Engineer: 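Pasting a structure here, questions to come.
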Amino acid sequence: MLILGIETSCDETSVALVEDGQRIVSNSIASQVRLHAEFGGVVPELASRAHIQRLIPMIDETMRDNHAAWTDIDALAVTLGPGLVGALLIGVETAKALAFAKHKPLIPVHHIAGHLYSPFLSGDGAIHKHVIMESSASESVSPLDAANSHPAAALHFPYVGLVVSGGHTSLILVHSPKHFEQLGETMDDAAGEAFDKVAKLLDLGYPGGPLVEKQARTGNRQRFPLPRPMLNQPNCDFSFSGLKTAALKIVRDHGLDKIKQDPQLLSDICASFQEAVVEVLLKKAATALDKSGVDQLAIVGGVACNGRLREAVAQYIPGARVVFPPPILCTDNAAMIAGLAWHHRDQFPKCDLTLNAQANLRLDFQNQNGE
Ligand code: KG4
Ligand code: ZN
């Protein structure tokens, strides 16, 4: 069964074709980072406009590049929420119009459930296209990543999912593709948001995660003993705003100008901050594994691209079975949406034209629909 997936919840427009919930045939991602960089964060109105400009050409390209006819497509899938409501609307309304016109079922998917499903996707023979949209001429795109082959992770249900992105940081016990149990979440900032804010404090640019990671590579992780918030509490919740304030104090004490002229100092601040986030994320994930009695952990979402987070698993949670999707599937993508949709195909056999984008969609929304 071939499903065409659409993802527009934030600042990536993505279209994918996935077979039987697992094999990625095609996954195209158009990132708007350059569009939002000069504002230091995502501007919702600009994001919606860019989705409008890119989405239909990307669907056409996906069909053409894969020699797919509409008769080959068995269903459409779309991210219903959560996310920026204007951005979600572009995907949902486009998917509804297409499903109606082509007489296909339309399967709504939860964005975070999609991230949690991403380790199950296999990329063998997949066409991955990752382009960065230019800030001025919307059609000027530059290819970043052509091909990416990888097997599905050896993961089975139940497992603990650590979701770490720009908007979410939570620990979730995943019983099945449809049943989730929230174990803990952040009380304030998300981990990615903390990276982005600290990068802004240091005048590094946007998005901050990859830039902080790059600076941290040559830094001393022990130079600044930053707090490890909530680590001494036996729950699975997080808090990152105090860590950001502690980083702000270091910046104030040294002065931004001095930091910018001293590459080692800048790298040491980045490395110390990154280590605090990584240690808290992994040790809290260990608590979640203990509490749930489950022996597998999947780390998903944009921050899961972080090399130190991947490496530090062996140091902070030795012995745990941990899987990460490849980086192209950690950031927002439609392959995870089309893949998970396959598990919901019986519940959504038609195109429901009353479907509406929901900025705060609950993770268990399918079950509330009477399953
Ligand atoms: O999952 P994602 O692409 O979008 C959301 O759903 O939020 O995550 C984006 C977040 C941003 O905050 C970005 O700074 C962070 O992921 N991120 C990273 C890295 N790459 C992306 N954080 C730390 N290290 C990275 N290498
Ligand atoms: Zn996401």
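Computed from a prediction, not measured in an experiment: that's the story for all the values here.
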Engineer: Under 4.5 Å between side-chain heavy atoms, hopping through other hydrophobics if needed: is there a path connecting I259 to L243?
Structural biologist: yes

Engineer: Check this for me: does any side-chain nitrogen of one of K96 and E93 sit under 4.0 Å from a carboxylate oxygen of the other?
Structural biologist: yes

Engineer: Check whether any side-chain N or O of H36 sits under 3.5 Å from a backbone N or O of V43 as a donor-acceptor pair, and report yes or no.
Structural biologist: yes

Engineer: What distance separates T94 OG1 from L55 CG, expressed to the nearest 0.5 Å?
Structural biologist: 4.5 Å

Engineer: Would you check if the side chain of T8 reaches a backbone N or O of G91 as a donor-acceptor pair within less than 3.5 Å?
Structural biologist: yes

Engineer: So does Q32 get a backbone contact from the side chain of D11, meaning a donor-acceptor N/O pair under 3.5 Å?
Structural biologist: no

Engineer: Any non-hydrogen side-chain atom of I29 less than 4.5 Å from a side-chain atom of V131?
Structural biologist: no

Engineer: Would the F195 and F273 ring centres measure less than 6.0 Å apart?
Structural biologist: yes

Engineer: Classify the ring geometry between F157 and F120 as parallel (under 30°), tilted (30 to 60°) or perpendicular (over 60°).
Structural biologist: parallel

Engineer: Take R308 and Q315, measure what side chain to side chain donor-acceptor pair (under 3.5 Å) needs, and give me the verdict at the end.
Structural biologist: CA-CA 11 Å; R308 177 60 193 152; Q315 178 181 342; 2.8 Å; yes

Engineer: Checking side chain to side chain contact (heavy atoms under 4.5 Å, CB included) between I107 and each of H343, Q366, Q347, R345, which is the one that passes?
Structural biologist: R345

Engineer: So does S241 get a backbone contact from the side chain of D188, meaning a donor-acceptor N/O pair under 3.5 Å?
Structural biologist: yes

Engineer: Testing the basics here: between L35 and A50, what is the closest heavy-atom pair and its distance to 0.1 Å?
Structural biologist: CD2-CB, 3.6 Å

Engineer: Does the side chain of D262 come under 3.5 Å of the side chain of H254 through a donor N or O and an acceptor N or O?
Structural biologist: no

Engineer: Is the backbone N or O of H175 less than 3.5 Å from a side-chain atom of H179, with the two atoms forming a donor-acceptor pair by type?
Structural biologist: no

Engineer: Hey, mind stepping through N333 and S14 against side chain to side chain donor-acceptor pair (under 3.5 Å) and telling me if it holds?
Structural biologist: CA-CA 5 Å; N333 67 86; S14 181; 5.7 Å; no

Engineer: Transitively linked via ILVMFWY side-chain contacts under 4.5 Å: L282 with I172?
Structural biologist: no

Engineer: Would you mind reporting whether I6 and I337 have side-chain heavy atoms less than 4.5 Å apart?
Structural biologist: no

Engineer: Are L329 and L309 connected in a single hydrophobic cluster, I mean Ile/Leu/Val/Met/Phe/Trp/Tyr linked by side-chain heavy atoms less than 4.5 Å apart?
Structural biologist: no

Engineer: Are H344 and K178 packed together at the side-chain level, in the sense that at least one heavy-atom pair is separated by less than 4.5 angstrom?
Structural biologist: yes

Engineer: Are side-chain heavy atoms of V163 and L116 found at a separation under 4.5 Å?
Structural biologist: yes

Engineer: Does a donor on one side chain and an acceptor on the other come within less than 3.5 Å for Q233 and D237?
Structural biologist: no

Engineer: Consider side chain to side chain contact (heavy atoms under 4.5 Å, CB included). Of V109, L340, V174, which one does Y117 pass it with?
Structural biologist: L340

Engineer: Looking only at atom types and distance, does a side-chain atom of K258 sit under 3.5 Å from a main-chain N or O of D253, one as donor and one as acceptor?
Structural biologist: no

Engineer: Report the residue from R221, R217, R223 that forms a salt bridge (charged side-chain N to carboxylate O under 4.0 Å, His left out) with D268.
Structural biologist: R223

Engineer: Are K260 and L256 close enough, and set up right, to give a side-chain contact (heavy atoms from CB on, under 4.5 Å), and what steps lead you there?
Structural biologist: CA-CA 6 Å; K260 281 167 126 178; L256 184 57; 4.0 Å; yes

Engineer: When rounded to the nearest 0.5 angstrom, what is the spacing between OG1 in T13 and CD1 in I90?
Structural biologist: 9.5 Å

Engineer: Which pair of heavy atoms, one from S48 and one from A87, lies closest together, and at what distance?
Structural biologist: OG-N, 3.5 Å

Engineer: Is the backbone N or O of T218 less than 3.5 Å from a side-chain atom of S267, with the two atoms forming a donor-acceptor pair by type?
Structural biologist: no

Engineer: Please tell me if the side chains of F238 and V277 come closer than 4.5 Å, counting only heavy atoms from C-beta onward.
Structural biologist: no

Engineer: For I56, is the CD1 atom crowded, meaning more than 12 foreign heavy atoms sit under 6.0 Å from it?
Structural biologist: no

Engineer: When you compare the side chain of E185 with that of T169, does any pair of heavy atoms fall below 4.5 Å?
Structural biologist: no

Engineer: First locate atom CD of Q53, then atom CZ of R49, and finally report the distance between them rounded to the nearest 0.5 Å.
Structural biologist: 8.5 Å

Engineer: List the steps, then state whether side-chain contact (heavy atoms from CB on, under 4.5 Å) holds for L76 with I3.
Structural biologist: CA-CA 6 Å; L76 278 87; I3 297 184; 6.0 Å; no

Engineer: Indicate the atoms forming the closest heavy-atom contact of A77 with A341, along with that distance.
Structural biologist: CB-CB, 3.4 Å

Engineer: Can you measure from NZ (K244) to CG (L201) and round to the nearest 0.5 angstrom?
Structural biologist: 8.5 Å

Engineer: Please give me the minimum heavy-atom distance between T287 and C236, naming the atom from each residue.
Structural biologist: CG2-SG, 4.2 Å

Engineer: Does one hydrophobic cluster hold both I317 and V294, with members joined at side-chain heavy-atom distances below 4.5 Å?
Structural biologist: yes

Engineer: To the nearest 0.5 Å, what is the distance between CG on N360 and CZ on F365?
Structural biologist: 14.0 Å

Engineer: Between H110 (side chain) and L361 (backbone), is there a donor-acceptor pair under 3.5 Å?
Structural biologist: yes

Engineer: Start with the C-alpha distance between T79 and H111, add both sets of side-chain angles, then the distance that settles side chain to side chain donor-acceptor pair (under 3.5 Å), and finish with yes or no.
Structural biologist: CA-CA 6 Å; T79 304; H111 180 78; 4.6 Å; no

Engineer: Quick check: do V313 and F324 have side-chain heavy atoms less than 4.5 Å from each other?
Structural biologist: yes

Engineer: Verify the cluster assignment for Y159 and L289: are they in a single hydrophobic cluster under the rule of side-chain heavy atoms below 4.5 Å apart?
Structural biologist: no

Engineer: If you define the side chain from C-beta out and look only at heavy atoms, does anything of I328 sit under 4.5 Å from H130?
Structural biologist: yes

Engineer: Would you please say whether a donor-acceptor pair under 3.5 Å links the side chains of S272 and Q274?
Structural biologist: no

Engineer: So, does K104 use its side chain to make a donor-acceptor pair with the main chain of W70 at under 3.5 Å?
Structural biologist: yes

Engineer: Step by step, work out the side-chain contact (heavy atoms from CB on, under 4.5 Å) result for C330 and V303.
Structural biologist: CA-CA 8 Å; C330 288; V303 181; over 6 Å; no

Engineer: Ion pair present between K129 and D65, side-chain N to carboxylate O less than 4.0 angstrom?
Structural biologist: yes

Engineer: How far apart are the closest heavy atoms of Q264 and G219, and which atoms are they?
Structural biologist: NE2-CA, 4.0 Å

Engineer: Mark yes or no for whether K284, through its side chain, and L162, through its backbone, hold a donor-acceptor pair below 3.5 Å.
Structural biologist: no

Engineer: Considering residues, nucleotides and ligands other than F100, do more than 12 of their heavy atoms fall under 6.0 Å from its CZ?
Structural biologist: no

Engineer: To the nearest 0.5 Å, how far apart are CE in M336 and CG in N27?
Structural biologist: 9.5 Å

Engineer: Could you walk me through whether S31 and M133 satisfy the side-chain contact (heavy atoms from CB on, under 4.5 Å) test, starting with their C-alpha distance in whole Å, then the side-chain angles of each, then the deciding distance to 0.1 Å, before giving a yes or no?
Structural biologist: CA-CA 6 Å; S31 165; M133 293 173 73; over 6 Å; no

Engineer: Might you point out which heavy atoms bring C351 and A99 nearest each other, and give the distance in Å?
Structural biologist: SG-CB, 3.7 Å

